[in-house]
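Note sheet for the following structure.
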Amino acid sequence: MTPSMKSSATKIVALIALIGLALVPVIGSRAMVQDLFMVLTMLVLALNWNMLAGFAGLVSVGQQAFVGIGAYGMFAAVILWGLDPLIGIVVGGIVAMALSIPVAFFAFRLNGAYFAIGTWVASETVRLLVAQWKALGGGTGTSLPKGTTKDMFGVDVIKDLIDGSSSAAADALTYWLALALAAATLLAGYMFLRSRMGLGLQAIRDNAEAAKSVGVDPTRLKALVFVLCAFGTGICGALLFIQITRVTPDAAFSVVDWTAFVIFITVIGGIGTLPGPIVGVIVFYALQRTLADYGTVYLIVLGLIGISVMLFARKGLWGMFSARTGIDLLSLRHPAPRRP
Amino acid sequence: MSLLKLDNVSKSFGMLKVTDSVSFEVAKGEALGIIGPNGAGKSTLFNLITGNIAPDEGAVYLDGVDMTRKPAMSRVQAGVGRSFQIPQPFTHLSVFENLLVAANFGGGHHGHAADDFCMDILDQTGLAGVADATSGSLSLLQRKRLELARAMATSPKVILLDEIAGGLTEGECVSLIQTIKSIHASGTSIIWIEHVLHALTSVVERLMVLNFGKMLMIGDPAEVMDSPQVKEIYLGIEV
(Lines give C-alpha, C1' and ligand atoms only; values in the text may rest on other atoms or scores of the structure.)
Protein backbone atom coordinates (compact mmCIF):
# COMPACT_ATOMS: atom_id res chain seq x y z
CA MET A 1 0.00 0.00 0.00
CA THR A 2 1.24 3.46 -0.82
CA PRO A 3 1.31 6.07 1.97
CA SER A 4 -1.62 7.98 0.44
CA MET A 5 -3.70 4.76 0.21
CA LYS A 6 -2.83 3.96 3.81
CA SER A 7 -3.85 7.44 4.84
CA SER A 8 -7.22 7.21 3.09
CA ALA A 9 -7.77 3.73 4.56
CA THR A 10 -7.11 5.21 8.01
CA LYS A 11 -9.58 8.00 7.32
CA ILE A 12 -12.29 5.55 6.25
CA VAL A 13 -11.78 3.36 9.33
CA ALA A 14 -11.84 6.45 11.56
CA LEU A 15 -15.04 7.67 9.92
CA ILE A 16 -16.75 4.29 10.34
CA ALA A 17 -15.71 4.18 14.01
CA LEU A 18 -16.99 7.71 14.50
CA ILE A 19 -20.36 6.97 12.89
CA GLY A 20 -20.66 3.72 14.85
CA LEU A 21 -19.96 5.52 18.13
CA ALA A 22 -22.34 8.35 17.22
CA LEU A 23 -25.17 5.84 16.73
CA VAL A 24 -24.81 4.27 20.18
CA PRO A 25 -27.45 6.48 21.91
CA VAL A 26 -29.92 5.62 19.14
CA ILE A 27 -29.39 1.89 18.99
CA GLY A 28 -27.57 1.01 22.25
CA SER A 29 -28.73 0.74 25.86
CA ARG A 30 -28.48 3.63 28.30
CA ALA A 31 -25.93 1.76 30.40
CA MET A 32 -23.77 1.45 27.31
CA VAL A 33 -24.10 5.19 26.66
CA GLN A 34 -23.01 5.96 30.21
CA ASP A 35 -20.11 3.50 30.05
CA LEU A 36 -18.84 4.86 26.77
CA PHE A 37 -19.23 8.41 28.07
CA MET A 38 -16.70 7.57 30.79
CA VAL A 39 -14.42 5.90 28.22
CA LEU A 40 -14.51 8.94 25.93
CA THR A 41 -13.89 11.45 28.70
CA MET A 42 -10.99 9.37 30.02
CA LEU A 43 -9.66 9.31 26.46
CA VAL A 44 -9.82 13.12 26.30
CA LEU A 45 -7.91 13.41 29.58
CA ALA A 46 -5.36 10.84 28.37
CA LEU A 47 -4.87 12.62 25.03
CA ASN A 48 -4.19 15.85 26.90
CA TRP A 49 -1.85 14.24 29.39
CA ASN A 50 -0.03 12.44 26.58
CA MET A 51 0.49 15.76 24.83
CA LEU A 52 2.00 17.17 28.02
CA ALA A 53 4.12 14.27 29.23
CA GLY A 54 4.69 12.38 25.98
CA PHE A 55 5.43 15.28 23.67
CA ALA A 56 6.23 18.37 25.74
CA GLY A 57 8.13 16.50 28.47
CA LEU A 58 5.88 18.04 31.13
CA VAL A 59 5.09 15.16 33.48
CA SER A 60 2.24 16.79 35.37
CA VAL A 61 0.61 15.02 38.31
CA GLY A 62 -1.68 18.00 38.83
CA GLN A 63 -4.08 17.77 35.90
CA GLN A 64 -6.92 17.15 38.37
CA ALA A 65 -6.60 20.86 39.18
CA PHE A 66 -7.99 21.64 35.72
CA VAL A 67 -10.65 18.91 35.82
CA GLY A 68 -11.76 20.25 39.20
CA ILE A 69 -11.70 23.94 38.36
CA GLY A 70 -13.44 23.19 35.05
CA ALA A 71 -16.19 21.40 36.96
CA TYR A 72 -16.50 24.20 39.51
CA GLY A 73 -16.48 26.80 36.74
CA MET A 74 -19.43 25.02 35.15
CA PHE A 75 -21.27 24.75 38.50
CA ALA A 76 -20.70 28.45 39.16
CA ALA A 77 -22.05 29.32 35.71
CA VAL A 78 -25.18 27.23 36.29
CA ILE A 79 -25.91 27.90 39.97
CA LEU A 80 -24.60 31.43 40.49
CA TRP A 81 -25.18 32.96 37.08
CA GLY A 82 -28.09 30.84 35.85
CA LEU A 83 -26.43 29.89 32.57
CA ASP A 84 -27.09 26.77 30.50
CA PRO A 85 -24.69 23.93 31.45
CA LEU A 86 -23.49 23.82 27.86
CA ILE A 87 -22.24 27.40 28.20
CA GLY A 88 -20.92 26.32 31.59
CA ILE A 89 -18.63 23.86 29.78
CA VAL A 90 -16.99 26.72 27.89
CA VAL A 91 -16.74 28.72 31.13
CA GLY A 92 -15.05 25.70 32.74
CA GLY A 93 -12.51 25.51 29.94
CA ILE A 94 -11.71 29.21 30.13
CA VAL A 95 -11.38 29.16 33.93
CA ALA A 96 -9.02 26.18 33.68
CA MET A 97 -6.95 27.98 31.07
CA ALA A 98 -6.79 31.08 33.30
CA LEU A 99 -5.69 28.92 36.24
CA SER A 100 -2.96 27.30 34.16
CA ILE A 101 -1.14 30.61 33.76
CA PRO A 102 -0.24 31.15 37.44
CA VAL A 103 0.37 27.40 37.84
CA ALA A 104 2.81 27.51 34.91
CA PHE A 105 4.44 30.61 36.35
CA PHE A 106 5.47 28.65 39.44
CA ALA A 107 5.77 25.09 38.11
CA PHE A 108 7.92 26.04 35.10
CA ARG A 109 10.70 26.97 37.49
CA LEU A 110 10.91 23.26 38.31
CA ASN A 111 12.13 20.33 36.23
CA GLY A 112 11.37 16.61 36.01
CA ALA A 113 10.21 15.05 39.27
CA TYR A 114 10.09 18.48 40.94
CA PHE A 115 7.72 19.70 38.25
CA ALA A 116 5.49 16.66 38.89
CA ILE A 117 5.37 17.34 42.62
CA GLY A 118 4.95 21.07 42.06
CA THR A 119 1.87 20.58 39.89
CA TRP A 120 0.41 18.18 42.45
CA VAL A 121 0.94 20.72 45.24
CA ALA A 122 -0.65 23.42 43.07
CA SER A 123 -3.67 21.20 42.54
CA GLU A 124 -4.04 20.48 46.27
CA THR A 125 -3.84 24.21 46.96
CA VAL A 126 -6.64 24.89 44.50
CA ARG A 127 -8.71 22.08 46.05
CA LEU A 128 -8.32 23.60 49.51
CA LEU A 129 -9.23 27.04 48.20
CA VAL A 130 -12.31 25.76 46.39
CA ALA A 131 -13.40 23.98 49.59
CA GLN A 132 -13.71 27.46 51.12
CA TRP A 133 -16.17 28.53 48.43
CA LYS A 134 -19.36 28.60 50.51
CA ALA A 135 -21.65 29.56 47.62
CA LEU A 136 -20.82 26.20 46.01
CA GLY A 137 -21.17 24.16 49.18
CA GLY A 138 -17.65 24.50 50.61
CA GLY A 139 -16.04 21.21 51.61
CA THR A 140 -19.23 19.14 51.23
CA GLY A 141 -19.90 20.28 47.68
CA THR A 142 -23.16 20.81 45.90
CA SER A 143 -25.50 19.38 43.25
CA LEU A 144 -26.86 20.79 40.04
CA PRO A 145 -30.44 22.08 40.65
CA LYS A 146 -33.06 19.40 39.95
CA GLY A 147 -33.96 19.27 36.31
CA THR A 148 -30.97 21.29 35.10
CA THR A 149 -29.69 18.63 32.75
CA LYS A 150 -33.18 17.89 31.41
CA ASP A 151 -33.55 21.57 30.50
CA MET A 152 -30.24 21.72 28.65
CA PHE A 153 -30.27 23.20 25.21
CA GLY A 154 -31.05 20.47 22.69
CA VAL A 155 -32.45 17.85 25.08
CA ASP A 156 -36.00 18.26 23.72
CA VAL A 157 -34.94 17.61 20.15
CA ILE A 158 -32.86 14.59 21.17
CA LYS A 159 -35.78 13.22 23.22
CA ASP A 160 -37.86 12.99 20.06
CA LEU A 161 -34.93 11.67 18.07
CA ILE A 162 -34.10 8.73 20.34
CA ASP A 163 -37.69 8.34 21.55
CA GLY A 164 -36.74 8.11 25.24
CA SER A 165 -36.98 9.94 28.57
CA SER A 166 -35.52 13.39 29.25
CA SER A 167 -32.71 11.93 31.32
CA ALA A 168 -31.85 9.46 28.55
CA ALA A 169 -31.78 12.42 26.16
CA ALA A 170 -29.50 14.35 28.54
CA ASP A 171 -27.19 11.30 28.66
CA ALA A 172 -27.20 11.14 24.88
CA LEU A 173 -26.34 14.83 24.63
CA THR A 174 -23.40 14.65 27.03
CA TYR A 175 -22.28 11.47 25.27
CA TRP A 176 -22.24 13.17 21.89
CA LEU A 177 -20.39 16.12 23.35
CA ALA A 178 -17.81 13.73 24.79
CA LEU A 179 -17.48 12.02 21.40
CA ALA A 180 -17.08 15.36 19.64
CA LEU A 181 -14.57 16.50 22.25
CA ALA A 182 -12.53 13.29 21.91
CA ALA A 183 -12.52 13.53 18.10
CA ALA A 184 -11.64 17.24 18.20
CA THR A 185 -8.85 16.67 20.75
CA LEU A 186 -7.35 13.89 18.67
CA LEU A 187 -7.56 15.92 15.47
CA ALA A 188 -6.23 19.10 17.08
CA GLY A 189 -3.36 17.15 18.66
CA TYR A 190 -2.50 15.57 15.33
CA MET A 191 -2.59 18.89 13.49
CA PHE A 192 -0.58 20.65 16.17
CA LEU A 193 2.11 17.97 16.17
CA ARG A 194 2.30 18.01 12.38
CA SER A 195 2.76 21.79 12.38
CA ARG A 196 6.06 23.62 12.76
CA MET A 197 5.32 24.02 16.47
CA GLY A 198 4.87 20.27 16.83
CA LEU A 199 8.14 19.69 15.04
CA GLY A 200 9.82 22.14 17.42
CA LEU A 201 8.27 20.28 20.35
CA GLN A 202 9.67 16.96 19.11
CA ALA A 203 13.08 18.60 18.65
CA ILE A 204 12.98 19.84 22.26
CA ARG A 205 12.04 16.35 23.43
CA ASP A 206 15.08 14.92 21.66
CA ASN A 207 17.60 17.58 22.67
CA ALA A 208 16.65 20.87 24.29
CA GLU A 209 20.11 22.44 23.95
CA ALA A 210 20.33 21.69 20.25
CA ALA A 211 16.75 22.93 19.78
CA LYS A 212 17.71 26.28 21.29
CA SER A 213 20.74 26.44 19.00
CA VAL A 214 18.44 26.36 15.95
CA GLY A 215 16.10 29.04 17.29
CA VAL A 216 13.40 27.04 19.11
CA ASP A 217 12.22 28.62 22.37
CA PRO A 218 11.45 25.63 24.65
CA THR A 219 9.79 27.58 27.46
CA ARG A 220 7.40 29.38 25.14
CA LEU A 221 6.35 26.22 23.29
CA LYS A 222 5.91 24.22 26.48
CA ALA A 223 3.90 27.00 28.10
CA LEU A 224 1.63 27.10 25.05
CA VAL A 225 1.03 23.35 25.27
CA PHE A 226 0.43 23.56 29.03
CA VAL A 227 -2.21 26.27 28.64
CA LEU A 228 -3.96 24.57 25.71
CA CYS A 229 -4.06 21.24 27.54
CA ALA A 230 -5.49 22.96 30.61
CA PHE A 231 -8.29 24.28 28.40
CA GLY A 232 -9.05 20.79 27.01
CA THR A 233 -8.83 19.22 30.45
CA GLY A 234 -11.08 21.91 31.96
CA ILE A 235 -13.74 21.41 29.30
CA CYS A 236 -13.62 17.69 29.90
CA GLY A 237 -13.94 18.22 33.67
CA ALA A 238 -17.02 20.39 33.20
CA LEU A 239 -18.58 17.82 30.88
CA LEU A 240 -17.83 14.98 33.31
CA PHE A 241 -19.59 16.73 36.16
CA ILE A 242 -22.67 17.59 34.10
CA GLN A 243 -23.10 13.83 33.79
CA ILE A 244 -22.26 13.20 37.47
CA THR A 245 -24.49 16.20 38.49
CA ARG A 246 -22.89 16.43 41.94
CA VAL A 247 -19.55 18.00 42.78
CA THR A 248 -17.33 17.91 45.88
CA PRO A 249 -13.77 19.19 46.15
CA ASP A 250 -12.52 15.65 46.83
CA ALA A 251 -14.23 14.17 43.77
CA ALA A 252 -13.45 17.03 41.40
CA PHE A 253 -9.77 17.27 42.42
CA SER A 254 -9.17 13.51 42.74
CA VAL A 255 -5.60 12.68 41.80
CA VAL A 256 -6.49 8.99 41.45
CA ASP A 257 -9.49 9.42 39.15
CA TRP A 258 -8.29 12.23 36.92
CA THR A 259 -4.52 11.75 36.86
CA ALA A 260 -3.37 8.32 38.11
CA PHE A 261 -5.81 6.38 35.90
CA VAL A 262 -5.02 8.73 33.04
CA ILE A 263 -1.28 8.08 33.42
CA PHE A 264 -2.01 4.35 33.51
CA ILE A 265 -4.03 4.59 30.29
CA THR A 266 -1.35 6.58 28.50
CA VAL A 267 1.57 4.48 29.68
CA ILE A 268 0.09 1.07 28.83
CA GLY A 269 -1.24 2.36 25.51
CA GLY A 270 1.99 4.04 24.47
CA ILE A 271 3.22 7.39 25.75
CA GLY A 272 4.42 9.80 23.10
CA THR A 273 2.33 8.19 20.33
CA LEU A 274 -1.05 9.47 19.18
CA PRO A 275 -2.85 6.10 18.97
CA GLY A 276 -1.42 5.12 22.39
CA PRO A 277 -4.16 6.67 24.56
CA ILE A 278 -6.86 5.09 22.36
CA VAL A 279 -5.38 1.62 22.84
CA GLY A 280 -4.83 2.36 26.52
CA VAL A 281 -8.40 3.43 27.18
CA ILE A 282 -9.77 0.30 25.49
CA VAL A 283 -7.55 -1.93 27.66
CA PHE A 284 -8.46 0.09 30.74
CA TYR A 285 -12.17 -0.26 30.06
CA ALA A 286 -11.90 -3.99 29.36
CA LEU A 287 -10.03 -4.51 32.64
CA GLN A 288 -12.53 -2.41 34.53
CA ARG A 289 -15.42 -4.47 33.16
CA THR A 290 -13.87 -7.87 33.81
CA LEU A 291 -12.45 -7.04 37.25
CA ALA A 292 -15.23 -4.77 38.53
CA ASP A 293 -16.57 -7.41 40.92
CA TYR A 294 -13.26 -8.12 42.62
CA GLY A 295 -12.85 -4.89 44.61
CA THR A 296 -9.27 -4.09 45.54
CA VAL A 297 -7.93 -6.95 43.41
CA TYR A 298 -8.85 -4.77 40.45
CA LEU A 299 -6.46 -2.03 41.52
CA ILE A 300 -3.69 -4.52 42.26
CA VAL A 301 -4.01 -6.07 38.80
CA LEU A 302 -4.07 -2.60 37.23
CA GLY A 303 -0.86 -1.72 39.06
CA LEU A 304 0.85 -4.97 38.07
CA ILE A 305 -0.04 -4.47 34.42
CA GLY A 306 1.21 -0.90 34.56
CA ILE A 307 4.54 -2.01 36.05
CA SER A 308 4.95 -4.87 33.54
CA VAL A 309 4.35 -2.59 30.59
CA MET A 310 6.83 -0.04 31.95
CA LEU A 311 9.45 -2.80 32.38
CA PHE A 312 8.94 -4.90 29.26
CA ALA A 313 7.25 -2.65 26.70
CA ARG A 314 8.44 0.83 27.47
CA LYS A 315 6.67 2.33 24.51
CA GLY A 316 3.38 0.74 25.55
CA LEU A 317 1.20 -1.71 23.70
CA TRP A 318 0.86 0.51 20.65
CA GLY A 319 4.59 1.19 20.56
CA MET A 320 5.31 -2.54 20.72
CA PHE A 321 2.75 -3.31 18.01
CA SER A 322 4.05 -0.49 15.83
CA ALA A 323 7.68 -1.60 16.18
CA ARG A 324 6.84 -5.26 15.35
CA THR A 325 4.60 -4.57 12.37
CA GLY A 326 6.01 -1.29 11.06
CA ILE A 327 2.46 0.12 11.05
CA ASP A 328 2.48 3.79 11.96
CA LEU A 329 -1.02 5.27 12.24
CA LEU A 330 -1.41 9.04 12.58
CA SER A 331 2.23 9.38 11.57
CA LEU A 332 3.93 12.63 12.48
CA ARG A 333 6.73 12.22 9.98
CA HIS A 334 7.50 14.81 7.33
CA PRO A 335 8.88 12.90 4.35
CA ALA A 336 11.46 14.74 2.26
CA PRO A 337 10.04 15.96 -1.05
CA ARG A 338 11.04 13.76 -4.02
CA ARG A 339 13.31 15.42 -6.52
CA PRO A 340 13.91 14.38 -10.11
CA MET B 1 31.47 47.39 8.20
CA SER B 2 32.33 44.12 9.90
CA LEU B 3 29.69 41.43 10.21
CA LEU B 4 30.58 40.28 13.69
CA LYS B 5 32.46 42.36 16.22
CA LEU B 6 33.59 41.51 19.74
CA ASP B 7 34.58 44.51 21.79
CA ASN B 8 36.67 43.84 24.92
CA VAL B 9 34.68 40.78 25.92
CA SER B 10 35.58 39.21 29.27
CA LYS B 11 34.14 36.29 31.21
CA SER B 12 35.19 34.70 34.49
CA PHE B 13 34.05 31.50 36.13
CA GLY B 14 34.80 32.22 39.78
CA MET B 15 38.45 33.19 40.01
CA LEU B 16 39.25 31.83 36.57
CA LYS B 17 39.23 34.35 33.76
CA VAL B 18 38.29 32.21 30.73
CA THR B 19 37.90 35.10 28.32
CA ASP B 20 40.16 38.07 28.90
CA SER B 21 39.42 41.33 27.02
CA VAL B 22 39.01 39.70 23.63
CA SER B 23 38.37 42.02 20.68
CA PHE B 24 38.20 41.04 17.03
CA GLU B 25 36.08 41.48 13.93
CA VAL B 26 34.95 39.14 11.19
CA ALA B 27 34.14 40.60 7.79
CA LYS B 28 31.25 39.50 5.64
CA GLY B 29 32.24 36.32 3.80
CA GLU B 30 35.46 35.90 5.76
CA ALA B 31 36.65 32.62 7.29
CA LEU B 32 38.47 32.89 10.62
CA GLY B 33 40.18 29.97 12.34
CA ILE B 34 40.70 29.74 16.09
CA ILE B 35 43.37 27.57 17.67
CA GLY B 36 44.71 27.24 21.17
CA PRO B 37 45.53 24.56 23.74
CA ASN B 38 42.77 22.76 25.65
CA GLY B 39 41.23 25.08 28.21
CA ALA B 40 42.26 28.22 26.32
CA GLY B 41 38.64 29.37 26.27
CA LYS B 42 37.76 28.58 22.67
CA SER B 43 34.38 27.01 23.33
CA THR B 44 33.53 29.70 25.87
CA LEU B 45 34.23 32.29 23.21
CA PHE B 46 31.70 30.52 20.97
CA ASN B 47 29.15 30.45 23.78
CA LEU B 48 29.63 34.18 24.28
CA ILE B 49 28.93 34.77 20.59
CA THR B 50 25.87 32.48 20.48
CA GLY B 51 24.46 33.88 23.72
CA ASN B 52 24.60 30.67 25.74
CA ILE B 53 26.82 32.56 28.17
CA ALA B 54 26.53 36.26 29.04
CA PRO B 55 29.81 38.20 29.22
CA ASP B 56 30.86 40.03 32.40
CA GLU B 57 32.18 42.92 30.34
CA GLY B 58 32.31 43.99 26.74
CA ALA B 59 29.86 43.77 23.86
CA VAL B 60 29.02 41.57 20.89
CA TYR B 61 27.75 43.19 17.68
CA LEU B 62 26.19 41.52 14.66
CA ASP B 63 25.76 43.75 11.61
CA GLY B 64 26.36 46.75 13.86
CA VAL B 65 23.52 45.76 16.23
CA ASP B 66 24.40 45.21 19.90
CA MET B 67 23.50 41.57 20.65
CA THR B 68 25.11 41.41 24.10
CA ARG B 69 21.84 41.09 26.04
CA LYS B 70 19.92 39.16 23.38
CA PRO B 71 19.05 35.53 24.23
CA ALA B 72 20.50 32.66 22.18
CA MET B 73 17.26 32.06 20.23
CA SER B 74 17.07 35.57 18.82
CA ARG B 75 20.76 35.52 17.90
CA VAL B 76 20.07 32.42 15.80
CA GLN B 77 17.26 34.27 14.09
CA ALA B 78 19.55 37.26 13.58
CA GLY B 79 22.08 35.07 11.76
CA VAL B 80 24.43 33.27 14.16
CA GLY B 81 24.48 29.55 13.36
CA ARG B 82 26.47 26.96 15.28
CA SER B 83 27.51 23.33 15.17
CA PHE B 84 28.36 21.41 18.31
CA GLN B 85 31.67 19.70 19.02
CA ILE B 86 29.84 16.46 19.79
CA PRO B 87 27.05 16.12 17.21
CA GLN B 88 23.67 16.64 18.80
CA PRO B 89 21.05 15.58 16.27
CA PHE B 90 17.35 15.30 17.10
CA THR B 91 17.69 11.53 17.16
CA HIS B 92 14.03 10.59 16.66
CA LEU B 93 13.58 12.97 13.74
CA SER B 94 14.73 12.26 10.20
CA VAL B 95 17.68 14.11 8.66
CA PHE B 96 15.24 16.21 6.63
CA GLU B 97 13.14 17.02 9.71
CA ASN B 98 16.28 18.05 11.62
CA LEU B 99 16.82 20.70 8.97
CA LEU B 100 13.14 21.57 8.79
CA VAL B 101 13.09 22.54 12.48
CA ALA B 102 16.11 24.79 11.96
CA ALA B 103 14.71 26.34 8.77
CA ASN B 104 11.34 27.05 10.42
CA PHE B 105 12.49 28.44 13.73
CA GLY B 106 15.96 29.80 13.06
CA GLY B 107 15.78 30.61 9.36
CA GLY B 108 12.26 31.98 9.16
CA HIS B 109 11.38 29.73 6.19
CA HIS B 110 7.88 28.29 6.02
CA GLY B 111 5.81 25.85 3.99
CA HIS B 112 7.09 24.59 0.66
CA ALA B 113 9.83 27.22 0.57
CA ALA B 114 11.26 25.63 3.73
CA ASP B 115 11.09 22.15 2.16
CA ASP B 116 12.98 23.33 -0.93
CA PHE B 117 15.50 25.27 1.10
CA CYS B 118 16.27 22.20 3.23
CA MET B 119 16.62 19.95 0.19
CA ASP B 120 19.10 22.41 -1.35
CA ILE B 121 21.23 22.25 1.78
CA LEU B 122 21.00 18.44 1.88
CA ASP B 123 22.26 18.39 -1.70
CA GLN B 124 25.09 20.78 -0.86
CA THR B 125 26.17 18.82 2.23
CA GLY B 126 25.88 15.41 0.59
CA LEU B 127 23.01 14.17 2.75
CA ALA B 128 20.23 14.05 0.16
CA GLY B 129 20.49 10.26 -0.03
CA VAL B 130 19.71 9.82 3.67
CA ALA B 131 17.09 12.59 3.91
CA ASP B 132 14.41 10.26 5.33
CA ALA B 133 16.75 8.23 7.56
CA THR B 134 16.40 8.66 11.31
CA SER B 135 19.29 10.85 12.37
CA GLY B 136 20.10 8.49 15.24
CA SER B 137 21.16 5.88 12.66
CA LEU B 138 23.84 7.98 10.92
CA SER B 139 27.60 7.37 10.79
CA LEU B 140 29.96 9.85 12.46
CA LEU B 141 30.79 11.64 9.21
CA GLN B 142 27.11 11.89 8.37
CA ARG B 143 26.38 13.25 11.85
CA LYS B 144 29.09 15.87 11.41
CA ARG B 145 27.60 16.76 8.05
CA LEU B 146 24.18 16.98 9.68
CA GLU B 147 25.57 19.39 12.29
CA LEU B 148 26.83 21.53 9.45
CA ALA B 149 23.64 21.22 7.39
CA ARG B 150 21.34 21.97 10.33
CA ALA B 151 23.34 25.08 11.20
CA MET B 152 23.12 26.14 7.54
CA ALA B 153 19.33 25.67 7.63
CA THR B 154 19.06 28.55 10.11
CA SER B 155 20.22 30.82 7.24
CA PRO B 156 23.25 32.07 9.14
CA LYS B 157 25.30 35.11 8.19
CA VAL B 158 28.11 33.62 10.23
CA ILE B 159 28.46 29.95 11.08
CA LEU B 160 30.46 28.74 14.08
CA LEU B 161 32.08 25.34 13.65
CA ASP B 162 33.33 23.65 16.81
CA GLU B 163 35.93 20.95 16.02
CA ILE B 164 33.83 19.59 13.23
CA ALA B 165 36.74 17.64 11.71
CA GLY B 166 37.66 15.93 15.00
CA GLY B 167 37.47 12.14 15.01
CA LEU B 168 37.22 11.76 11.25
CA THR B 169 39.54 9.65 9.08
CA GLU B 170 41.80 11.46 6.64
CA GLY B 171 39.54 10.69 3.67
CA GLU B 172 36.41 11.78 5.52
CA CYS B 173 38.14 14.95 6.58
CA VAL B 174 39.02 15.83 2.99
CA SER B 175 35.44 15.35 1.83
CA LEU B 176 34.10 17.47 4.72
CA ILE B 177 36.54 20.26 3.87
CA GLN B 178 35.13 20.32 0.33
CA THR B 179 31.68 20.93 1.78
CA ILE B 180 32.90 23.66 4.11
CA LYS B 181 34.70 25.32 1.21
CA SER B 182 31.50 25.32 -0.82
CA ILE B 183 29.63 26.96 2.08
CA HIS B 184 32.38 29.55 2.35
CA ALA B 185 32.24 30.14 -1.40
CA SER B 186 28.52 30.85 -1.17
CA GLY B 187 29.31 33.90 0.98
CA THR B 188 28.66 32.71 4.52
CA SER B 189 31.20 33.88 7.09
CA ILE B 190 32.84 31.10 9.09
CA ILE B 191 34.49 30.98 12.49
CA TRP B 192 36.07 27.61 13.00
CA ILE B 193 37.70 26.11 16.09
CA GLU B 194 39.84 23.15 15.09
CA HIS B 195 42.71 20.98 16.24
CA VAL B 196 43.13 19.42 12.78
CA LEU B 197 45.35 22.23 11.57
CA HIS B 198 45.75 21.31 7.91
CA ALA B 199 41.96 21.18 7.58
CA LEU B 200 41.68 24.59 9.14
CA THR B 201 44.44 26.31 7.22
CA SER B 202 43.13 24.99 3.90
CA VAL B 203 39.97 27.07 4.38
CA VAL B 204 40.53 30.08 6.64
CA GLU B 205 41.94 33.43 5.60
CA ARG B 206 42.95 34.50 9.10
CA LEU B 207 43.97 32.57 12.16
CA MET B 208 43.57 33.54 15.82
CA VAL B 209 45.46 32.01 18.72
CA LEU B 210 43.90 31.91 22.17
CA ASN B 211 45.82 31.11 25.35
CA PHE B 212 44.54 31.39 28.92
CA GLY B 213 41.54 33.35 27.64
CA LYS B 214 43.70 35.99 25.95
CA MET B 215 43.95 36.60 22.24
CA LEU B 216 47.63 36.03 21.60
CA MET B 217 47.74 36.75 17.92
CA ILE B 218 45.54 37.13 14.88
CA GLY B 219 46.58 37.31 11.24
CA ASP B 220 47.69 35.39 8.16
CA PRO B 221 47.63 31.65 8.97
CA ALA B 222 51.13 30.96 7.69
CA GLU B 223 52.63 33.85 9.63
CA VAL B 224 50.78 32.88 12.80
CA MET B 225 51.90 29.26 12.56
CA ASP B 226 55.49 30.40 12.00
CA SER B 227 55.59 32.61 15.05
CA PRO B 228 57.93 31.29 17.78
CA GLN B 229 55.38 32.17 20.47
CA VAL B 230 52.71 29.98 18.87
CA LYS B 231 55.12 27.10 18.37
CA GLU B 232 56.06 27.24 22.01
CA ILE B 233 52.60 27.59 23.47
CA TYR B 234 50.47 25.69 21.05
CA LEU B 235 52.75 23.02 19.71
CA GLY B 236 54.81 22.65 22.89
CA ILE B 237 58.11 23.24 21.08
CA GLU B 238 60.79 25.00 23.09
CA VAL B 239 62.20 27.89 21.12
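Throughout, protein chains are lettered first and strands after them, A, B, ... in sequence-line order, and every chain is numbered starting at 1. Only heavy atoms go into these numbers, but all of them, side chains included; no hydrogens, no water, no symmetry mates.
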**OP:** Start with the C-alpha distance between Phe105(B) and Val216(A), add both sets of side-chain angles, then the distance that settles side-chain contact (heavy atoms from CB on, under 4.5 Å), and finish with yes or no.
**Re:** CA-CA 6 Å; Phe105(B) 285 88; Val216(A) 183; 3.6 Å; yes
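With a threshold of 4.5 angstrom between heavy atoms, Gln77(B) approaches chain A through side-chain atoms but not through N, CA, C or O. For a residue to count as touching a neighbouring chain, one of its non-hydrogen atoms must lie under 4.5 Å from one of that chain's; by this rule His112(B) does not touch chain A. With a 4.5 angstrom heavy-atom cutoff, Asp116(B) touches chain A via backbone and side-chain atoms both. When heavy atoms are compared at a cutoff of 4.5 Å, Phe90(B) approaches chain A by way of both its backbone and its side chain. Both the backbone and the side chain of Thr91(B) come within contact range of chain A, judged by heavy atoms closer than 4.5 Å.
Contact detail for Val76(B) and Gly215(A): the closest heavy-atom pair is CG1-N, 3.7 Å.
Interface summary for chain A: among Val101(B), Thr50(B), Thr154(B), the most heavy-atom pairs under 4.5 angstrom belong to Val101(B). The residue among Leu99(B), Leu93(B), Asn98(B) with the most heavy atom pairs within less than 4.5 Å of chain A is Leu93(B). Ranked by heavy-atom pairs under 4.5 Å with chain B, the list Ala211(A), Pro335(A), Ala336(A) is led by Ala336(A). Counting heavy-atom pairs under 4.5 Å between each of Asn52(B), Val95(B), Asp120(B), Asp123(B) and chain A puts Asp120(B) at the top. Per-residue counts of heavy-atom pairs under 4.5 Å with chain A were compared for Pro89(B), Gly81(B), Gly106(B); the largest is that of Gly106(B).
Side-chain contact between Asp132(B) and Arg333(A) is absent, with no heavy atoms from C-beta onward closer than 4.5 Å.
Atom NZ of Lys315(A) sits in a sparse spot, with 12 or fewer heavy atoms from other residues, nucleotides or ligands closer than 6.0 Å. Counting non-hydrogen atoms of neighbouring residues, nucleotides and ligands closer than 6.0 angstrom, the CZ atom of Phe106(A) reaches no more than 12 such neighbours. The neighbour count for Ile86(B) CD1, taken as heavy atoms of other residues, nucleotides or ligands under 6.0 Å away, does not exceed 12.
The stretch residues 192-206 of chain A places Arg196(A), Met197(A), Leu199(A), Gly200(A), Gln202(A), Ala203(A), Asp206(A) near chain B, each with some heavy atom under 4.5 Å from a heavy atom of that chain.
The only option from Met73(B), Gln88(B), Glu147(B), Arg82(B) that meets the side chain to side chain contact (heavy atoms under 4.5 Å, CB included) definition with Ser213(A) turns out to be Arg82(B).
Interatomic distance, His334(A) NE2 to Asp115(B) CG, rounded to the nearest 0.5 Å: 9.0 Å.
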